[in-house]
Amino acid sequence: MGVLETIRLRRSIRKYRDDPVPDEVLGRVLEAARLAPSAKNIQPWKFIVVRDPGKRLDLAKAAFNQGYLAEAPLVVAACGLPEIAYPRQGGFMNSWPIDVAIAFEHLILQAAEEGLGTCWIGAFNEAAARIVLGVPESVRIMAMTPIGWPAESPPARGRKATAEIVSYEKY
Ligand SMILES: Cc1cc2nc3c(=O)[nH]c(=O)nc-3n(C[C@H](O)[C@H](O)[C@H](O)COP(=O)(O)O)c2cc1C
């Protein structure tokens with residue numbers, strides 16, 4: 001598929017089969033994250049792959065009982081490293097949330113390209129997830145996603161029209 005077609009077909013998936021994800025497929029998904037751009041090419045990220053069923057359940061609990069997080073055979077947590085990220089992106093902000101979000105979206109799009117489902121999970125208790133994953137205080141957990149074969153094919157969720165979100169020459 002071309003990039004735009006993959007983007008068009010991707011959905012947030014909240015029902016999964018428990019069939020395993022082959023290592024070579026997961027490898028390509030992680031490679032897409034690894035190749036993402038970042039401010040000053042610092043790559044201030046770490047991705048934690050969780051297979052252990054007990055840990056996946058604990059992460060679902062940390063995510064306010066979003067059970068589908070534990071339904072897929074894999075969870076990936078995207079972590080940011082503020083201490084090494086570029087501190088003045090745009091002159092005013094640490095680049096880590098932008099860098100990690102770009103890399104995570106790369107991962108999600110490659111998963112879609114492979115026919116895998118994902119769902120960006122931003123609603124979770126970071127302190128609880130930190131304990132489950134052994135993440136040090138200096139590292140932030142930005143998002144998590146289940147990765148697995150979809151057991152649903154939801155319709156496209158609507159988007160604003162181009163005319164509403166794009167202007168030319170001025171705001
Ligand atoms: C920053 C962010 C946080 C999100 N957090 C959650 C979440 O905690 N739980 C969930 O089920 N979906 C979450 N989503 C998924 C969105 O609800 C979803 O992307 C949106 O409704 C559009 O649907 P689509 O992804 O199928 O196009 C999140 C998405 C983003 C980008």
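Worth saying up front: this structure is predicted, and the values here are computed from it rather than measured. For ligands, and for the atoms within them, numbers begin at 1 and follow the listed sequence.
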Inset, instruction - Could you go through the salt bridge (Lys or Arg N to Asp or Glu O under 4.0 Å) check for E71 and K15 one step at a time? - result: CA-CA 7 Å; E71 241 185 57; K15 285 189 197 333; over 6 Å; no

Legend entry - side chain to side chain contact (heavy atoms under 4.5 Å, CB included) between R51 and V21, worked out: CA-CA 10 Å; R51 299 177 198 274; V21 175; over 6 Å; no

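- For ligand 1, the 4.0 Å heavy-atom shell contains residues R10, R11, S12, R14, Q66, Y68, C119, W120, I121, G122, A123, R157, R159.
- L109 belongs to a hydrophobic cluster whose remaining members, ordered by chain and number, are V3, I7; membership requires side-chain heavy atoms of ILVMFWY residues under 4.5 Å apart, directly or through intermediates.
- Contact of the Q110 side chain with the E31 side chain is not registered, since no non-hydrogen atoms from C-beta on lie closer than 4.5 Å.
- Between the CD atom of E83 and the CZ atom of R140 there is a distance of 12.0 Å, given to the nearest 0.5 Å.
- Note on ring orientation: taking the six-membered ring where Trp is involved, the planes of W120 and F104 are perpendicular (angle over 60°, cut-offs 30° and 60°).
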